Amino acid sequence: MDLSELERDNTGRCRLSSPVPPVCLKEPCVLGVDEAGRGPVLGPMVYAICYCPLSRLEDLEALKVADSKTLSESERDRLFAKMEEDGDFVGWALDVLSPNLISTSMLGRVKYNLNALSHDTATGLVQFALDQGVNVAQVFVDTVGLPETYQERLQQRFPGIEVTVKAKADALYPVVSAASICAKVARDQAVKNWKFVEKLQDLDTDYGSGYPNDPKTKAWLRKHVDPVFGFPQFVRFSWRTAQSILESEAEDVTWEDSETGNQEGPGKIKSYFSESPQTCPHLPHRYFQERGLESATVL
């Protein structure tokens, strides 16, 4: 899998895709959606779709695709190579979401949680296939959150397509298994070949599993946290494990705000109705304080 575009810039979102098989432009197709790397504190999350004509679904099943978590890395690589060889009827596309994008989305002023990000990414990939001219008739999705709610949302978004959302869909439907293999192969390769934009001393690439409860991963995080600048962009700093290490290993930061004065927290509710503004000054709303806005006294 060629990830050179991601390697040139791994700070945001990267979309990659195979050529669309001509048969998929004509015949009704089945499309599967799955992801890899949702839980780790290190590395990107990858969403993938895989599709083929309904008439060739048995050929896809004959490849012996399975849930990528049950396969070894070499088995996944072999199966992905086989799908590439069968490019006359199998197509795929994927979105690679960087750790930086995930964390800044989750911690932004307007919160964008991981479930919403996952749903929107999956929806975007289905729409991408349609925009490429793929004749999508059925979609199977491995659920994030409640499958009923997710399925209803997708069905409303794509009313002309039969949508099925299930837990463990990657173990139930071969086309979702194929998508999970694409996603996992891409993530494994992205992690293995990650280009650090930071100049790290004594970089250790033995990250462990990347999951928050892995002692080796925690040790890597502690080793590579900067007391001032925090973690490299390879780390999802919005994860609780990363935040805990920042709190214990990094320097404290105090943000000064001239508008807030010496107030030490909210006062009693009665204080806001006091007739004595000298003892209970009225502060601007947080919206104005955060933006440094003041009331205009002279027009």
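The figures here come from the full heavy-atom set of this structure, side chains too, leaving out hydrogens, waters and symmetry mates. Note that the coordinates shown come from a computational prediction; the quantities given were computed from them, not determined experimentally. By convention here, the first residue in the shown sequence is residue 1.
Residues Tyr207 and Thr205 form a side-chain contact, since some pair of their non-hydrogen atoms from C-beta on lies under 4.5 Å apart. Between Leu203 and His224 there is a side-chain heavy-atom pair separated by less than 4.5 Å. Using a 4.5 Å heavy-atom cutoff, the side chains of Arg236 and Met106 are not in contact.
With salt bridges taken as basic N to acidic carboxylate O contacts below 4.0 Å, none links Lys184 and Asp170. Salt-bridge check for Lys168 with Asp142: failed, with every basic side-chain N at 4.0 Å or more from each acidic carboxylate O. Ion pairing between Lys216 and Asp206 holds under the 4.0 Å rule for side-chain N and carboxylate O. Taking 4.0 Å as the cut-off between side-chain N and carboxylate O, Arg76 and Asp188 count as a salt-bridged pair. Electrostatic pairing of Arg153 and Glu148 does not count as a salt bridge here, judged by no charged N lying under 4.0 Å from a carboxylate O. Between Glu75 and Arg78, no side-chain nitrogen of the basic residue sits less than 4.0 Å from a carboxylate oxygen of the acidic one, so the salt-bridge criterion is not met.
Atom NZ of Lys64 is surrounded by 12 or fewer heavy atoms from other residues, nucleotides or ligands within 6.0 Å. More than 12 heavy atoms of other residues, nucleotides or ligands shown are found within 6.0 angstrom of CD on Glu247. Other residues, nucleotides and ligands contribute over 12 non-hydrogen atoms within 6.0 Å of the NZ atom of Lys111.
Residue Leu172 is grouped with residue Val65 when hydrophobic side chains (ILVMFWY) are merged at heavy-atom distances under 4.5 angstrom, including chains of intermediate members. In this structure, Leu42 is not a member of the same hydrophobic cluster as Val96, with clusters built from ILVMFWY side-chain heavy atoms closer than 4.5 Å. Phe128 and Leu25 are not part of a single hydrophobic cluster, where members link through side-chain heavy atoms under 4.5 Å apart. Note on Tyr47: it clusters hydrophobically with Leu101, by side-chain heavy-atom contacts below 4.5 Å among ILVMFWY residues. Taken together through direct or relayed side-chain contacts under 4.5 Å among Ile, Leu, Val, Met, Phe, Trp and Tyr, Tyr150 and Phe140 form parts of separate hydrophobic clusters.
Summarising the geometry of Gly210 relative to Asp214, their closest heavy-atom pair is N-OD2, 4.4 Å, with the distance given to 0.1 Å.
Formation of a donor-acceptor pair under 3.5 Å by the Glu198 side chain with backbone atoms of Pro232 is not found in this model. A donor-acceptor contact shorter than 3.5 Å is absent between the side chain of Ser103 and the backbone of Asn100.
Rounding to the nearest 0.5 Å gives a distance of 6.0 Å between SG of Cys29 and CG of Asn135. Asp95 CG to Leu97 CG: the interatomic distance, rounded to the nearest 0.5 Å, is 6.0 Å.
The aromatic rings of Phe234 and Trp194 are tilted relative to each other, their planes meeting at an angle between 30° and 60°.
A donor and an acceptor atom, one from each side chain of Ser98 and Asn10, are nowhere located under 3.5 Å apart.
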